[in-house]
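Structure record follows, encoded as structure tokens.
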There are 2 protein chains.
Amino acid sequence: MNTQRAAVEILREKCVEHGLKLTPQRIAIYEAICHTTDHPSADKIFKKIKGKFPSMSFDTVNRTLLTFSAIGLLKVVEGHGDPKRFDPNLKQHHHFRCIRCNTIIDVYSRYYDSVKIPQDIQSRFTVLGKRVVLEGICKQCRKKS
Amino acid sequence: MNTQRAAVEILREKCVEHGLKLTPQRIAIYEAICHTTDHPSADKIFKKIKGKFPSMSFDTVNRTLLTFSAIGLLKVVEGHGDPKRFDPNLKQHHHFRCIRCNTIIDVYSRYYDSVKIPQDIQSRFTVLGKRVVLEGICKQCRKKS
DNA sequence: TTATTATATAGGATTAATTCTTAATTGCAA
DNA sequence: TTGCAATTAAGAATTAATCCTATATAATAA
């Protein structure tokens, strides 16, 4: 698949750039998370990979995800005290979180992208990223009640 | 102190509203968190209270904070997989998070308050809250490097 | 290629965070 | 007051995250 090849190439570049080895584990983990849009936890990725890669340890998955986060291959999304959740989507986007089922859904909006950093905030901090975070009830949970 | 009395009254109202008992533990915990602006974890609140209330258990602090969160007395702030952090500030506000020291600083901005919920998002979700979340380097950490 | 070496991994141990269990206590309504 | 349902303390159990170390391996250079 095209997107898979692209993923390995992106990974390879980043590894070379940071002097990291391109191991089968790293490839499997990066490909696994690239196929998600639900911001999975380390444990979810671990379980997903277990079938194809029975010898992999949870520690490797967790450590690798943190490494990826450190080199900017993915981000830890803002959560609410539950296990860390990872997001391979580096494009500017926003999040909606359901307070019932705790799902985090990507929101794309030019309008939100265009929200500016006011001058007084710029002088207080070095702002590297911004995001609009919405919360409420998702469609599925709305149906249930 | 005036703000302290106010805190107890707010707590009492909410407790009556939800059929909860007004216990000394709840009062102590609510007053403690009302005096913070640094979005402390349950553990920090626990340590803060320990001096005045040596018999209180960590579990009580944690459970009580979650109860407060459930009845809307405070909120669990968006974090990054670390222990839950609580925010008694229910006024519309925004957050800046330092990626170095993990401090979360309140940001007040009329401009950010005025950011709207687009129509297509309203139709997908029942949006109950919104916040602009900034991240970057805070002043203190900028000095260090 | 092959040898070398620094890095990475597996798997179990450890630590930390959170939640559960239970017996005792205590607000508060009657 | 009294009775009872809600709440608490304390420790156990569970779950999440990190650390340790012996082994394996990717990448480099001969």
The bend of the helix from C:dT1-D:dA30 to C:dA30-D:dT1, taken between the axes of its five terminal pairs at each end and rounded to 10°, is 40°
Is B:Asp43 salt-bridged to B:Lys47, going by a charged N under 4.0 Å from an acidic O? yes
Verify the neighbour count for atom CD of A:Gln119: are there more than 12 heavy atoms of other residues, nucleotides or ligands below 6.0 Å? no
Could you state the atom-to-atom distance from CZ of A:Phe46 to C1' of D:dT18 in whole Å? 15 Å
According to side-chain hydrogen bond (donor to acceptor under 3.5 Å, both in side chains), who are the partners of A:Asp113, at least two apart in sequence or on a separate chain? A:His94
A:Phe53 CZ - C:dG11 P separation (whole Å): 11 Å
Could you state the CD1-C1' distance from B:Ile49 to D:dA9, rounded to the nearest angstrom? 14 Å
Pairs of donor and acceptor atoms involving the side chains of residues 97-104 of chain A, under 3.5 Å and at least two apart or interchain, shall be tabulated with distances.
{"residue": "A:Arg97", "atom": "NE", "partner": "A:His80", "partner atom": "ND1", "Å": "3.2"}
{"residue": "A:Arg97", "atom": "NH1", "partner": "A:Asn102", "partner atom": "OD1", "Å": "3.3"}
{"residue": "A:Arg97", "atom": "NH2", "partner": "A:His80", "partner atom": "NE2", "Å": "3.4"}
{"residue": "A:Arg97", "atom": "NH2", "partner": "A:Glu135", "partner atom": "OE1", "Å": "3.1"}
{"residue": "A:Asn102", "atom": "ND2", "partner": "A:Asp82", "partner atom": "OD2", "Å": "3.2"}

Going by distance alone, is a donor N or O of one side chain under 3.5 Å from an acceptor N or O of the other, for A:Asp106 and A:His39? yes
Separation of A:His18 atom NE2 from D:dA27 atom P, in whole Å? 16 Å
Using a 6.0 Å cut-off, check whether atom NZ of B:Lys130 has over 12 heavy atoms from anything other than its own residue. yes
Rounded to whole Å, how long is the line connecting atom CE of B:Met56 with atom C1' of D:dG11? 18 Å
Short side-chain N/O contact to C:dA10 OP1/OP2 from A:Ser57, under 4.0 Å: yes
Report, as a single string ordered 5' to 3', how protein heavy atoms within less than 4.0 Å touch nucleotides 17-30 of chain C: B base, S sugar-phosphate only, - not at all. -BBBB-----BS--
Run through the side-chain heavy atoms of Ile, Leu, Val, Met, Phe, Trp and Tyr, join any pair under 4.5 Å, and report what else lands in B:Ile117's cluster. A:Phe96, A:Ile105, A:Val107, A:Tyr111, A:Tyr112, A:Val115, A:Ile117, A:Ile121, A:Phe125, A:Val127, A:Val132, A:Leu134, B:Phe96, B:Ile105, B:Val107, B:Tyr111, B:Tyr112, B:Val115, B:Ile121, B:Phe125, B:Val127, B:Val132, B:Leu134
Contacts of B:Asp38 meeting side-chain contact (heavy atoms from CB on, under 4.5 Å) (sequence neighbours excluded), chain-then-number -> B:Thr36, B:Pro40, B:Lys44
Tell me: CG of A:Leu65 to P of D:dT18, nearest whole Å? 12 Å
Output the rounded distance in Å from CD1 (B:Ile71) to P (D:dA6). 15 Å
Taking A:Lys21's backbone N and O only, do any of them form a donor-acceptor pair with A:Arg26's side chain (distance below 3.5 Å, no angle check)? yes
